[in-house]
**Student:** 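A single structure is presented below for examination.
Just so you know, these numbers come straight off a predicted model, no measurement behind them.
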Amino acid sequence: MPELPEVETTVSELRSRIIGRKILKVWTDTKKLFKPDFLTFKKGATGQTIKEISRRGKNIILKLSSGKYILVHQKMTGSLLYGSEINPVRNAISNGVKNPYIHFILYLDKGILALSDLRKFAKVAFIPDLKAYPDYQKLGPEPLSREFTFGKFKEILKKSSGKIKKVLLDQNKIAGIGNIYSDEILFEARVSPLRETQKLKAKETKILYSAIKKILTKAIKAKGTSVSDYRRPSGEKGNFAKFLKVYRREGEPCPRKCGGKVQRLKFGGRSAHFCPRCQK
DNA sequence: TGCAGTGTTGCTTC
DNA sequence: CGAAGCAACACTGC
């Protein structure tokens, strides 16, 4: 589930703990997570000091003392956890909850950084040159950055076709929005996920732009959403789930009290939740 | 019991 | 070329 607010929470909570730490050892039981392969990763990471940690879209980026990078994408069920040690019997982080899904550990000179990932979809890459990494450089603008102006948003929409929900989910158009927040943003803006992007009115575009900034900012303040698996580095849950208005609320009355009912509809391979009465 | 559904992405197919 | 479908994996809930 980690979308922009969850990844932002992870990065900001890890920063003070792992900056300046040296990577002593790398462990995994799932080599397929690694790009280009585990041996390259291990050679590139071992002995390095972590100089910086940052976020780009849903990606976590560690800059190493060699000037090269580690990129972690948590995909569906990944969480990066930090603790003082690992309990090998329960595969649990010392100060976290029991967790049998740890598939990757960086042993640092102080503490450990572990990736929990039930479905093993996560990606852990060693990248010599970030700018030359296609998955990274194709990403669209950061929606909370100064660069993402209303003009920029209009330009993105102008070049897009199809339904607005699909545009919001496209990482190469805007980076970091996933299924939860696209539903919540569209509800906030009173725009149906099924609307054709080209047919949005000027006023709706403006409201949508504000809703993107508003919802993502609020979710970061709440430390993200834990619908099922996402955890903060400490193992704690995010607090935004209770603020969700439509996501996973099929059949409930519209929280805006318009008299409509939240509907779930499948398209583009995923489900969209919305109120057909007040989202036009 | 069994099967549909799950936060993401990228590959294959048409 | 774009759009759509599906696979990667393991679990939950109806």
**Student:** Tell me yes or no: between the side chains of A:T77 and A:Y101, is some donor less than 3.5 Å from an acceptor?
**Tutor:**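 Checked: A:T77/A:Y101 side chains show no N/O donor-acceptor pair below 3.5 Å.
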
**Student:** Can a salt bridge be assigned to the pair A:R55 and A:E142 using a cut-off of 4.0 Å between side-chain N and carboxylate O?
**Tutor:**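 Looking at A:E142 together with A:R55, the answer is yes, because their closest N to O distance falls below 4.0 Å.
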
**Student:** I'd like the P distance from C:dC6 over to B:dA4, given in whole Å.
**Tutor:**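 Approximately 12 Å lies between the P atom of B:dA4 and that of C:dC6.
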
**Student:** What integer distance in Å separates A:K123:NZ from B:dT8:C1'?
**Tutor:**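 A:K123 atom NZ is separated from B:dT8 atom C1' by 11 Å.
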
**Student:** Would you say A:H73 reaches B:dT9's phosphate, i.e. side-chain N/O to OP1/OP2 under 4.0 Å?
**Tutor:**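 Yes, A:H73 has a side-chain N/O under 4.0 Å of OP1/OP2 on B:dT9.
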
**Student:** Is A:K214 salt-bridged to A:E188, going by a charged N under 4.0 Å from an acidic O?
**Tutor:**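 A salt bridge links A:K214 with A:E188.
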
**Student:** Taking 4.0 angstrom as the limit, do A:R249 and A:E252 come out as a salt bridge?
**Tutor:**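 Yes, charged N to carboxylate O under 4.0 Å.
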
**Student:** Taking the cut-offs as 6.0 angstrom to the six-membered ring centre and 45 degrees off its axis, would you call A:K245 and A:F187 a cation-pi pair?
**Tutor:**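 No, a cation-pi geometry is absent between A:K245 and A:F187.
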
**Student:** Would you call A:T40 and A:F34 a side-chain contact if the rule is heavy atoms closer than 4.5 Å?
**Tutor:**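 A side-chain contact under 4.5 Å is absent here.
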
**Student:** A:Q74 CD to C:dA10 C1': how many Å, rounded?
**Tutor:**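 From A:Q74 CD to C:dA10 C1': 18 Å.
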
**Student:** Could you run down nucleotides 2-9 of chain C 5' to 3' and tag each one B, S or - for protein heavy-atom contact under 4.0 Å?
**Tutor:** -SS---BB

**Student:** Round to a whole Å and report the spacing from NZ of A:K75 to C1' of B:dT6.
**Tutor:**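 Distance check: A:K75 NZ to B:dT6 C1' gives 15 Å.
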
**Student:** So, A:D183 and A:H273: side-chain donor and acceptor under 3.5 Å apart, yes or no?
**Tutor:**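 A pair is found: one side chain offers a donor N or O, the other an acceptor, under 3.5 Å apart.
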
**Student:** Provide a list of protein-nucleic acid N or O atom pairs under 3.5 angstrom, restricted to nucleotides 11-14 of chain B.
**Tutor:**
none

**Student:** Taking OP1 and OP2 of B:dT8, is either one under 4.0 Å from a side-chain nitrogen or oxygen of A:R270?
**Tutor:**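 Yes, A:R270 has a side-chain N/O under 4.0 Å of OP1/OP2 on B:dT8.
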
**Student:** Would you tell me whether A:N179 and A:K165 have side-chain atoms, one donor and one acceptor, within less than 3.5 Å of each other?
**Tutor:**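 Yes, because at least one side-chain N or O of A:N179 sits under 3.5 Å from a partner of the opposite role on A:K165.
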
**Student:** Any side-chain donor paired with an acceptor under 3.5 Å for A:Y181 and A:T225?
**Tutor:**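 Result is yes, a qualifying pair exists.
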
**Student:** When you group the ILVMFWY residues by side-chain heavy-atom contacts below 4.5 Å and let the links chain together, are A:I50 and A:L71 in the same group?
**Tutor:**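 The answer is no; the residues belong to distinct hydrophobic clusters.
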
**Student:** Whole-Å distance between B:dT8 P and A:D117 CG?
**Tutor:**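 Going from A:D117 (CG) to B:dT8 (P), I get 13 Å.
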
**Student:** Can you tell me the base-pairing partner of C:dA3? Count Watson-Crick or G-U wobble geometry only, both distances below 3.5 Å, and say none if there is no partner.
**Tutor:**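 By the stated definition (distances under 3.5 Å), B:dT13 pairs with C:dA3.
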
**Student:** Taking CD from A:E3 and C1' from B:dT8, how many angstroms apart are they, rounded to a whole number?
**Tutor:**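 In whole Å, B:dT8 C1' and A:E3 CD are 9 Å from each other.
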
**Student:** Given the P atoms of B:dT9 and C:dC11, what is the spacing between them in whole Å?
**Tutor:**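 The same atom, P, in both gives a distance of 23 Å.
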
**Student:** Could you tell me the separation between the OH atom of A:Y230 and the C1' atom of B:dT6, rounded to a whole number of Å?
**Tutor:**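 Spelled out: OH on A:Y230 to C1' on B:dT6 is 18 Å.
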
**Student:** With A:K35 as the cation and A:F126 as the aromatic partner, state whether NZ or CZ is under 6.0 Å from the six-membered ring centre and within 45° of the axis.
**Tutor:**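 That pair does not qualify as a cation-pi contact.
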
**Student:** What is the distance, rounded to the nearest whole Å, between atom CD1 of A:I60 and atom P of B:dT8?
**Tutor:**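 Roughly 14 Å, once rounded to whole Å.
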
**Student:** So, A:K163 and A:E196, do they make that salt bridge, N to O below 4.0 Å?
**Tutor:**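 Yes, charged N to carboxylate O under 4.0 Å.
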
**Student:** Let me know the distance between CD1 of A:I177 and C1' of B:dT9, rounded to the nearest Å.
**Tutor:**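 To the nearest whole Å, that distance equals 16 Å.
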
**Student:** If you compare every side-chain N and O of A:Q171 against the phosphate oxygens of B:dT9 (OP1, OP2), does one of them come in below 4.0 Å?
**Tutor:**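 Answer yes for this pair, as a side-chain N or O of A:Q171 is under 4.0 Å from OP1 or OP2.
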
**Student:** Side chain of A:R264 only, please: which of B:dG10, B:dG5, B:dT8 is the nearest?
**Tutor:**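 Shortest atom-to-atom distance from the side chain points to B:dG5.
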
**Student:** Just wondering, do A:P233 and A:E13 contact through their side chains at under 4.5 Å, heavy atoms?
**Tutor:**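 Yes, at least one pair of side-chain atoms sits under 4.5 Å.
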
**Student:** Mind checking the P distance from C:dG5 to B:dT6? Whole angstroms is fine.
**Tutor:**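 These two P atoms come out 15 Å apart once rounded.
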
**Student:** Within less than 4.0 Å of OP1 or OP2 of B:dT6, is there a side-chain N or O belonging to A:S271?
**Tutor:**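 Answer is yes, contact under 4.0 Å.
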
**Student:** Which ones in residues 240-250 of chain A lie close to DNA chain B, meaning a heavy atom under 4.0 Å from one of its atoms?
**Tutor:**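 The answer is A:Y247, A:R248.
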
**Student:** Counting any heavy atom closer than 4.0 Å, what does A:D135 reach on the DNA or RNA strands: base, sugar-phosphate only, or nothing?
**Tutor:**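 The answer is sugar-phosphate, as A:D135 gets under 4.0 Å only of primed atoms, P, OP1 or OP2.
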
